Amino acid sequence: PQNPKTPIYLTRINNKFLWVVQIAKKAKVASDTVPPFIFCDTLEKLINAKQVRVIDCSVDLPKNGAKTAKEEYLACHIKGAHFLDLENFVDKSSPYPHMAPAPSQFKSHMTSLGIGLETPVVTYDTTDGKWAARGAFLLKYYGHSNVRILDGGRASWMHHFRHDET
């Protein structure tokens, strides 16, 4: 395909290679009704009212014996959060890394987490937010309308509240 002016990265969906910029337009990723970010105090209220599903989308390559993202999640995560293993939640038939999973795989996994198309979802990660954005993008791409990213990720949550689950 032709390279758009500002591609984010190349991906493959339904056996077609597309720039994510083009996918975002096709999938209507931008939303006029749901702001893209949520702050810790608002998220805490939604968690306490059981009105949101929270997903840890961290992807860390262990270095020098450091914990994997899954081990880090098991050791410490936001109350009620689920772990979405973005390293393995991909199209395994693709020779390229991080290709979107098949729609049936995506729906099945989200259903197992209690997430439907109308379920409010907040994604976060333990790094700079790019994996939380990837998780949010996948949810939006597959039709979820109420998806937000936790501003500042888990570090911000821990700074503001210092409560988590282990």
Side-chain angles (χ1 to χ4, degrees), residues 1-38 42-43 46-47 49-61 68-74 77-151 153-154 165:
Q2 285 196 331
N3 185 347
K5 291 181 182 177
T6 56
I8 298 173
Y9 58 86
L10 187 66
T11 191
R12 185 183 80 149
I13 296 179
N14 296 332
N15 293 321
K16 293 181 182 177
F17 288 96
L18 303 167
W19 292 99
V20 168
V21 174
Q22 293 172 335
I23 293 170
K25 290 177 185 174
K26 177 183 173 192
K28 300 178 185 171
V29 171
S31 171
D32 296 332
T33 58
V34 179
F37 295 97
I38 188 170
T42 305
L43 177 57
L46 291 173
I47 289 171
K50 299 185 187 318
Q51 296 177 339
V52 68
R53 291 282 191 206
V54 181
I55 301 177
D56 183 331
C57 298
S58 300
V59 174
D60 294 322
L61 299 176
T68 65
K70 178 69 173 193
E71 291 168 337
E72 184 69 26
Y73 163 80
L74 292 172
H77 58 269
I78 293 174
K79 180 181 177 181
H82 299 280
F83 183 73
L84 181 60
D85 185 358
L86 290 174
E87 282 292 323
N88 293 305
F89 192 54
V90 296
D91 178 357
K92 294 193 186 275
S93 67
S94 173
Y96 304 103
H98 301 114
M99 295 296 107
S104 60
Q105 179 189 4
F106 186 86
K107 182 179 179 182
S108 173
H109 190 67
M110 289 300 115
T111 300
S112 75
L113 299 178
I115 297 172
L117 287 177
E118 300 302 319
T119 305
V121 177
V122 172
T123 63
Y124 75 93
D125 64 29
T126 57
T127 57
D128 59 6
K130 68 182 170 192
W131 297 109
R134 172 68 176 174
F137 169 79
L138 286 171
L139 285 156
K140 287 282 197 172
Y141 182 78
Y142 285 112
H144 290 73
S145 59
N146 192 347
V147 181
R148 295 189 267 178
I149 300 169
L150 178 61
D151 185 45
R154 194 185 77 186
E165 288 187 353

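Treat the numbers as computed from the prediction; the structure is a model and nothing was measured.
Between L46 and I38, the closest side-chain pair of non-hydrogen atoms falls below 4.5 Å. Inter-residue side-chain proximity for M99 and K92 is flagged as unmet; no heavy-atom pair is nearer than 4.5 Å. Counting only heavy atoms from C-beta outward, the side chains of T119 and L113 never approach each other to under 4.5 Å. Residues L139 and M110 form a side-chain contact, since some pair of their non-hydrogen atoms from C-beta on lies under 4.5 Å apart. Proximity of F89 to P101: side-chain heavy atoms (C-beta onward) are separated by under 4.5 Å at one or more points. Between I115 and I55 there is a side-chain heavy-atom pair separated by less than 4.5 Å.
Side-chain atoms of D125 come within 3.5 Å of backbone atoms of G129 as a donor-acceptor pair (strictly under, hydrogens ignored). Side-chain atoms of R134 come within 3.5 Å of backbone N or O of H98 as a donor-acceptor pair.
For F83 and H77, the ring centers sit 6.0 Å or farther from each other.
By the side-chain contact (heavy atoms from CB on, under 4.5 Å) test, S108 pairs with no residue at all, sequence neighbours left out. T123 meets the side-chain hydrogen bond (donor to acceptor under 3.5 Å, both in side chains) test with no other residue; sequence neighbours excluded. Residues satisfying the side-chain contact (heavy atoms from CB on, under 4.5 Å) criterion with E118, sequence neighbours excluded, are S145. Residues passing the ring pair (Phe, Tyr, Trp, His ring centres under 6.0 Å) test with F37, sequence neighbours excluded: none. With sequence neighbours left out, R53 forms a salt bridge (charged side-chain N to carboxylate O under 4.0 Å, His left out) with no residue at all.
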Between L150 and I78, does a side chain to side chain contact (heavy atoms under 4.5 Å, CB included) hold up when you go through it step by step? CA-CA 11 Å; L150 178 61; I78 293 174; 3.6 Å; yes

One pair to check against side chain to side chain contact (heavy atoms under 4.5 Å, CB included): R148 and L43. What are the steps and the verdict? CA-CA 10 Å; R148 295 189 267 178; L43 177 57; over 6 Å; no

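Taking the six-membered ring where the residue is Trp, F106 and H144 present perpendicular rings, their angle passing 60° and hence far from 30°.
Residue pairs meeting the ring-ring contact (aromatic ring centres under 6.0 Å, His included) criterion with at least one member in residues 110-129, sequence neighbours excluded, do not occur.
No more than 12 heavy-atom neighbours from other residues, nucleotides or ligands sit within 6.0 angstrom of NZ on K107.
In this structure, S58 and A69 approach most closely via the heavy-atom pair O-CB, 3.3 Å. When all heavy atoms of Y73 and A81 are compared, the closest pair comes out as OH-O, 2.6 Å.
Exactly one of I149, T126, L86 qualifies for a side-chain contact (heavy atoms from CB on, under 4.5 Å) with C57. That residue is L86.
Annotation: the span from E87 atom CD to K70 atom NZ amounts to 14.0 Å, rounded to 0.5 Å. Between F137 atom CZ and Y142 atom OH the span is 9.0 Å, to the nearest 0.5 Å.
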